[in-house]
Amino acid sequence: MNLSDMTNGELFFYGGIAIMAIAAIALIIGITYFSIRRRIIKKQLMKKYDFS
């Protein structure tokens, strides 16, 4: 697929799809990363405040 053969509309379309895909992947990674970190912090807090 040659870029010079593509029209501006096609470039914009595929560029938009690529940006959306990257954004979606980044969002999923961010959510999983923060949920894992929160779980680890929760475990550490539990250990810190577990007097039993």
Side-chain angles (χ1 to χ4, degrees):
M1 198 151 68
N2 200 351
L3 284 176
S4 59
D5 293 336
M6 292 171 75
T7 62
N8 281 336
E10 282 176 312
L11 272 172
F12 185 75
F13 180 71
Y14 287 116
I17 287 173
I19 290 164
M20 274 165 49
I22 290 163
I25 291 164
L27 192 73
I28 290 163
I29 290 168
I31 289 166
T32 50
Y33 173 73
F34 279 115
S35 63
I36 288 165
R37 253 186 64 176
R38 202 172 66 213
R39 205 172 294 152
I40 290 165
I41 289 164
K42 252 188 212 166
K43 275 184 189 170
Q44 286 174 348
L45 284 173
M46 293 276 234
K47 276 182 196 165
K48 196 181 275 183
Y49 296 112
D50 192 18
F51 299 116
S52 57

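The basis for the numbers below is simple: all heavy atoms, side chains too, and nothing from hydrogens, waters or symmetry mates.
- For I36, the side-chain contact (heavy atoms from CB on, under 4.5 Å) criterion is met by I40, not counting sequence neighbours.
- Through direct or indirect side-chain contacts shorter than 4.5 Å among Ile, Leu, Val, Met, Phe, Trp and Tyr, F12 is connected to no other residue.
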Which atom pairs, one a donor and one an acceptor, fall under 3.5 Å between side chains of residues 15-33 and the rest of the protein, sequence neighbours left out?
{"unit_1": "T32", "atom_1": "OG1", "unit_2": "I28", "atom_2": "O", "d": "3.0"}
{"unit_1": "T32", "atom_1": "OG1", "unit_2": "I29", "atom_2": "O", "d": "2.8"}

